[in-house]
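In what follows, a structure is listed as structure tokens, so that the remarks can point back to it.
Lettering of chains follows the sequences in order, A, B, ..., and the numbering in each one begins at 1. Note that the coordinates shown come from a computational prediction; the quantities given were computed from them, not determined experimentally.
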Amino acid sequence: MTLLVKMHGIEKWFPGVHSLKSVQFDLAVGEVHALMGENGAGKSTLMKVLSGIYKRDGGEVWIRGELAEPAGPREAQDLGIGIIHQELSLMNDLTVAQNVFIGREPRGLFGRLDERALNQQTAEIFATMNLKLDPKAIVGTLTIAKQQMIEIAKALSFRSRVLIMDEPTAALNDAEIAELFGIIRQLKAEGVGIIYISHKMDEIKRIADRVTVMRDGEYVDTVQASETPLSRIISMMVGREVRESPLQVPDTSGNEVALDVRQLNRGTEIRDVSFSVRKGEILGFAGLMGAGRTEVARAIFGADPLESGEIRVHGKVRSIKSPNDAVAAGIGYLSEDRKHFGLATGMDVRANISLASLDTFTNGAGVLDEKVMKDVAVGYISQLGIRTPSDRQEVRFLSGGNQQKVVIAKWLLRDCDILIFDEPTRGIDIGAKSEIYKLLEELAGQGRAIIVISSELPEVMRLSHRIGVMCEGRLTGILPGGAGTTQEDIMQLATQRDAGVSLAGEK
Amino acid sequence: QEEIYIPLISKGFQHQFWQAVKSGADQAAAEFGVRVTFEGPDSETMVDRQIDMLAATLANKPDAVGFAALDSQAAIPLLRKAAEAGIPVVAFDSGVESDIPVTTATTDNVAAAALAADKMAEFIGGKGKVAVVAHDQTSRTGIDRRDGFLNRMAEAYPDIEVVSVQYGQGDQLQSTEVAKAILTANPGLAGMFGTNEGSAIGIVNAVREMSATDLVIIGYDSGKAQTNAIREGVMAGAITQNPVGIGYETVKAALSAYRGEALPEVIDTGFYYYDASNIDEAKIAAVLYD
Amino acid sequence: MSAVIPTLAPSTPGKPKSPLSRLIEMGTHQRLLAFASLIVLLIGFSLVSPNFMQTSNMIAILQATSVNGVLAIAATLVIITGGIDLSVGTLMTFTAVMAGVVLTYAGMPLPLGVAAAIATGALCGLCSGTFVAKMKIPPFIATLGMMLILKGLSLVISGTRPIYFNDTPGFDLISRGSLIGEIIPALPIPNGVLILFLVAAAASYILGRTVLGRYAFALGSNEEAVRLSGVNTDGWKMAIYALAGGICGIGGLLIASRLNSAQPALGLGYELEAIAAVVIGGTSLSGGRGTILGTLIGALIMAVLTNGLRVLSVAQEWQTVVTGAIIILAVYADMMRRKKA
Amino acid sequence: MSAVIPTLAPSTPGKPKSPLSRLIEMGTHQRLLAFASLIVLLIGFSLVSPNFMQTSNMIAILQATSVNGVLAIAATLVIITGGIDLSVGTLMTFTAVMAGVVLTYAGMPLPLGVAAAIATGALCGLCSGTFVAKMKIPPFIATLGMMLILKGLSLVISGTRPIYFNDTPGFDLISRGSLIGEIIPALPIPNGVLILFLVAAAASYILGRTVLGRYAFALGSNEEAVRLSGVNTDGWKMAIYALAGGICGIGGLLIASRLNSAQPALGLGYELEAIAAVVIGGTSLSGGRGTILGTLIGALIMAVLTNGLRVLSVAQEWQTVVTGAIIILAVYADMMRRKKA
Ligand SMILES: Nc1ncnc2c1ncn2[C@@H]1O[C@H](COP(=O)(O)OP(=O)(O)OP(=O)(O)O)[C@@H](O)[C@H]1O
Ligand SMILES: Nc1ncnc2c1ncn2[C@@H]1O[C@H](COP(=O)(O)OP(=O)(O)OP(=O)(O)O)[C@@H](O)[C@H]1O
Ligand SMILES: [Mg+2]
Ligand SMILES: [Mg+2]
């Protein structure tokens, strides 16, 4: 078979990090080749080398049998290599269509733009993806999920021979994932080679032909997806067995109600949502994209205004006007969008971890105690296995998953009675995931009330003592956790639409 | 009948010199019972801003206008407009090269600066190195005072060398730094001439801060700091125009022009040299401001 | 068009808003807001002073807007790319001086003078652009340096003396004449104003309808993303700066013909006024958003303010105070209305 | 977010750098670089002019730095939060005038005058801060408005007349006297310079070691993330602006005591010089990063430049040209060195 891509002996150094140690990788025509590995294993770096964004420090790259030197994005495109980056890289002030065709706008004379053609061609691409999205919508107003779909559409529009997908499904829900896989199969049929990176193990079985595993920047092995059990792939990634301890739901019915939310309302996004969480309980929230879970969470946390509704903490009514009030009331919220709402990526790991708890590190004069902050940071770095050369490394230089771990560390340190985690394991590797599950359960065990919003049903079902399901801003039901509840039950509630409501940016 | 309105558009506003002109205008206003307004751009470079000011003032249909042109030519269309509307224009400070103004209340900056040169020469005994801290490189007053001094030195005092002319924008701090730099660069400098209040004070500050001795300082205009310097003997003496007189005469002339009375071509408000000896004489004290 | 969404505070990732309100904010919304402040000012002044609402005064205001307006348009282009241009003022002067050199010193015909001014502007803009794009110098420093260099060169070339255009008949008509007035005598709008509006129209067209404009917004919105899309970001950035420079050249012609002379010392401090007009007009200094119409209105607001206070013959020191206060209030009013929307 | 990318080297997701340089860059690296440019200038000038390298002239340069340096430090604080402060210059003047009112008009004792200046500064800073944080007015507009308001008020309160401090013995010693000189006669460093360095030390301590400083950087880096960490961002932002204002108050005292008078017309244009010093010192206008030491060196570079050219008595117009060119070159040199590093 002819190889679209062949890389070997690839080396890449970063300050304090040897990210790629003589890595090899190849891609055949019409195959889906999954690239697996823990956070910080070097997957994205390898792909950035292939797509000409990073200059490699060693090794060779062949594209369709020819030695290639992709010196930049444009050259890579010309070589037929397209990439969907792990971190969204869109122009938030521009419209969807303008983003998709940036650099390749249909033009008239003197660089005059043909906006109609632009929007129409975009609409066509969306049609092929069964994606309901207005090409004229401003990207900044869309949800991360929708923005992710735009990235995918953009990559497709290049009609590349090689398509790199770096965790395309991290922000997607099952519905869109299904659509994406449909597209991928179609591309395969057209002979496009696809490099697929994901931390969602089940996806590997569903679409991957071959799987290459990396660990700590080293090539481990390449195996056939069909004839290799997941457990083996996982142990290749993590270097040990990962045992998933099944969920046992504790009886928390006797515990004090920590958070009691009544009749929350805001426009069409939140419509009389009422629920309560007890101490020691983990309440999961499931729902389709745009269901409004994030909205509810943000509203409770005081990040967005409420039109009406009452929030009681430990039985006392609290007026929460700002996140500041919320934290004072003992509520913490981990955002689903780490880049915009979670991290000061220009600051180092230590500063980010302590950002929400500075008051505990200061004396009366407001002087910071760096020593203690360092110890705490180092502690979490080892506990969560954050891959970073030091606690002084700027967060923007960490891998996606490691950045997510930093945000989690920030809130673990803040130590609130009520913790809301919105997509806490987005982009986090399987090993770390189970670590975090354990952590959440420990926290609950210590009597904290935990709310977990996740778009991964398995995750919700793995963690939740009770499962709240939302649809279009309404809480359509709360199901008991544990084996009793099936995915079907949840989906049934999640799709209880009522007519006349449409989501952001939809036609 | 309603009161007579005479706006004055000047070259500047915040500088003490212009404030003195303003006070003179206000005196006249009180004396003759007319309404006077006084405006000027932030810096003497903003020719177009001055035009806008003139335009806005004409909108109020004044009975007469006092105008100190930053650039005569640039103002001519508007001055014509005023003439057509039958609004007499009185030029002040420096003339307007046009026949529209009915008269000009001014002093001869060139001659005044020349006098400064004579005094300087007198003090340093007709030879040695001197320097000039000027307030502006492009404005009429700046040019006239600089050239008046330089030309006089050139023609009358061959043994005096003007080693450096630098500009401090009339800003006391900047002028201080400029003067200090000049002192550093020219050891054994005999004298310095500051072409307006800010420049002169700048020199005085420089001398104080570098505790330089026996440097002859000739200033220009007045203001408390300058008069004090003269009293203390730090500054040898200074030229003063009669800014209060300029303001007063401008308004007075504008009023008579409005009444259709005849006016002389030029109203020379005069300039004076003053030093510790005559600073308190009535004639001088009258034209000093602080 | 995306261009119109105003940012509340620079470098703050837009916090979730209902899709609806987002939609309203798009379209003409923001412009209308600044526009409201303008109307309020106009009405206010004409109520207080009978002399304010005269054709002659309105024209004086427009006349006063023309130069600052053109400079503000130039600044808008650069600011949309996420940069800033401090050199607009002195560049204007420099181009005026060059026109003077060509027309008065070299005695060439009018069109060549015009060409010289615009070409000089574009060239200097290209320099700033190169500093920023190729040499990676922060726009603030690059254009600050340019500002000083050009200020000095204007004085050097002109010999620190104004250059008059008396030998070039019709030069002063560039801004003082009135084509409109010849057609509609009742409406003697000076050509300078006409030119301002033409430049504005051209600029909005370029921003809204051409690749250059598209990349201007894209660069200001997320330069790295544009680069990753394989666009030659440096080239386009330089083009924008050059365009802005060329527009400053037009500004130079306007002021020169208005003063019938090139005043070499002019121009310092004008950059701040231009940028102020841009920001009052709702363009965000963090880039990616902005409209020419907004900038125009911003410039008008400032001109009306200064003129009005003068017509009321408010004491000059108080004029500054009031201007400052009203600028803040006007922008605050925007914020409020936008919140409601 | 733009805030996380140093404007000096825009949009490069981590070009290969040795771990060492990466670390230094976060620490003293950048400052050292600007420092190199400073040294080059000093050496250059002393080679060309024998009069340049005298103690007296070095002290003159330091003294020339003091006021602009203090203002630049104030501006640095605000710029690190991702804002900008155009009011530093006129606020300095306003505080000087207030000191004059208290000392000369009301004839109160010196300490009260000092307190008045600093308090006024802090108060005005708090106003700007409120406009920005609570009213969500873009910092550029808020401080531009403040700049104008304060400019006007200085004239109003002083009656557009300078206020002299002749009746307050010792007031001029604030900047002119020399405590160091009394101890080490060979080193008559004026108090003004001493104060500058004290302010600088205090400011870097606050930025590097206290919560306030930490939040200043965090706000500049990603304000929304800080807000969502449950921090009262508005409050802290206002605190920073107030602190900056207080520092401007010290600047006011320095200039007033140097001129032994409060000059109400002074101050316009000083803001640009201050901001220039900040940016030359390597602080990014997009916020999130910056150092006081860098700012100090930036201010020194500008002072050395102007003084040196004057000592060489270069023609004024050429002084501006050269200054502009060297500012660009100095920053460009930084870029290069950092690339290599
Ligand atoms: N620009 C950079 N500067 C310094 N270090 C970097 C940079 N980019 C990546 N690294 C380091 O290289 C290693 C590999 O990063 P990479 O992003 O490839 O991991 P990954 O496999 O994609 O992890 P994830 O699954 O979390 O995305 C990490 O340790 C990261 O800290
Ligand atoms: N950054 C944002 N800007 C504007 N609107 C947003 C933003 N994020 C979310 N929304 C709104 O919230 C709704 C749900 O968006 P969200 O991002 O939460 O999707 P999700 O996370 O997939 O689903 P859920 O809301 O249930 O978590 C959408 O209708 C969208 O309009
Ligand atoms: Mg990755
Ligand atoms: Mg969500």
If I compare all heavy atoms of D:A225 with all of A:A344, which pair ends up nearest, and what's the gap? CB-N, 4.4 Å
A:N324 side chain to D:R227 main-chain N or O, any donor-acceptor pair under 3.5 Å? no
Contact class of A:S357 relative to chain D, heavy atoms under 4.5 angstrom: neither
Side chain, backbone, both or neither of A:L355 within contact of chain D (heavy atoms, under 4.5 Å): both
Relative to chain D, which segment of A:A351 carries a heavy atom at a distance below 4.5 Å: side chain, backbone, both, or neither? both
Could you pull out the closest heavy-atom pair between A:P323 and D:L228, with the gap in Å? CG-CD2, 4.1 Å
Does the side chain of D:N222 come within less than 4.5 Å of A:K339's, by heavy atoms? no
Below 4.5 Å from any heavy atom of chain D, which atoms of A:S322 appear? Answer side chain, backbone, both or neither. neither
Counting heavy-atom pairs under 4.5 Å with chain A, the top scorer among D:Y215, D:F217, D:Y205 is D:Y215
Which value, rounded to the nearest 0.5 Å, describes the distance between D:S229 atom OG and A:L358 atom CG? 9.0 Å
Do any side-chain atoms of residues 364-376 of chain A form donor-acceptor pairs under 3.5 angstrom with protein atoms, and if so which ones, sequence neighbours left out?
| residue | atom | partner | partner atom | Å |
| --- | --- | --- | --- | --- |
| A:D369 | OD1 | A:K371 | N | 3.1 |
| A:D369 | OD1 | A:V372 | N | 3.2 |
| A:E370 | OE1 | A:R350 | NH1 | 2.7 |
| A:E370 | OE2 | D:R214 | NH2 | 2.8 |
| A:K371 | NZ | A:D375 | OD1 | 3.2 |
| A:K371 | NZ | A:D375 | OD2 | 2.7 |

